Every structure is written in structure tokens, then in C-alpha cells.
Amino acid sequence: MREIFTGLPWWVKWVAVPVIALVVFGGLIASVVGFVIGLLFKLLVFVALVGGLIYVVRKFTASSSSRSDW
């Protein structure tokens, strides 16, 4: 593989080959990135909902236990 790239100009190695790779694999890369971002967003929503639930339950149990302390 090195012998193939040795005689080529720098712009072929550093510009043309990456551009061709992006054209060929661009859809795959975009779908993987979209999947990862979607997964991270769902994880963030899950953490926020669980945190909110824990906050509400603790607030409710703290207020109900303080009423029973009378």
C-alpha cells in the first residue's frame, strides 16, 4: 500500500483520497453520527426524567412525613 502512495503528489494523499472516502462512506458516517446523537439525547432525557421523579418523590415524602410528626 505504501508503494502506491509514495509516487503520488501530496494533494492526492491529503485531499483527494479523504474526499473520495467521504463521498463513498458519507451516508454511513452520517447515519452512525445521527444514531449516536439520538442515543445521547434519549439518555439525557431519561436522566432528567429520573432525576425529576426522584426530586418529586423526596419532596412529597419529606412534606408528608413532616405533617405526620405533629
Side-chain angles (χ1 to χ4, degrees):
M1 193 73 171
R2 272 187 191 200
E3 299 88 27
I4 297 172
F5 284 110
T6 305
L8 297 175
W10 67 270
W11 60 269
V12 173
K13 294 184 237 182
W14 299 106
V15 177
V17 173
V19 166
I20 292 171
L22 281 175
V23 167
V24 172
F25 298 108
L28 177 67
I29 293 170
S31 63
V32 169
V33 169
F35 175 75
V36 169
I37 290 174
L39 193 64
L40 288 174
F41 178 73
K42 289 178 183 179
L43 184 67
L44 182 66
V45 169
F46 175 75
V47 168
L49 288 174
V50 170
L53 178 67
I54 291 172
Y55 174 77
V56 167
V57 167
R58 284 190 179 179
K59 189 122 177 132
F60 180 73
T61 56
S63 65
S64 66
S65 66
S66 66
R67 276 190 261 148
S68 64
D69 288 342
W70 287 61

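Computed over heavy atoms, backbone and side chain alike; hydrogens, waters and symmetry mates excluded. Keep in mind the model is a prediction, meaning the values are calculated, not measured.
The hydrophobic clustering, which links ILVMFWY residues whose side-chain heavy atoms are closer than 4.5 Å, places V36 and F41 apart. Using a 4.5 Å cut-off between side-chain heavy atoms of Ile, Leu, Val, Met, Phe, Trp and Tyr, with links allowed through other members, V56 and I54 fall into different hydrophobic clusters. Linking Ile, Leu, Val, Met, Phe, Trp and Tyr whenever their side-chain heavy atoms come within less than 4.5 Å puts W10 and V12 in one cluster. Under the 4.5 Å side-chain heavy-atom criterion for grouping Ile, Leu, Val, Met, Phe, Trp and Tyr, I20 is connected to I29 within one hydrophobic cluster. Linking ILVMFWY side-chain heavy atoms closer than 4.5 Å, directly or via other members, places F25 and V23 in two distinct hydrophobic clusters.
Among L39, L40, V33, the one residue that satisfies the side-chain contact (heavy atoms from CB on, under 4.5 Å) test with I37 is V33.
In this structure, L8 and F5 have side chains that are in contact, with non-hydrogen atoms separated by less than 4.5 Å.
Expressed to the nearest 0.5 Å, how far NZ of K13 lies from OG1 of T6 amounts to 6.5 Å. The CZ atom of F46 lies 8.5 Å from the CG atom of L49; values are rounded to the nearest 0.5 Å.
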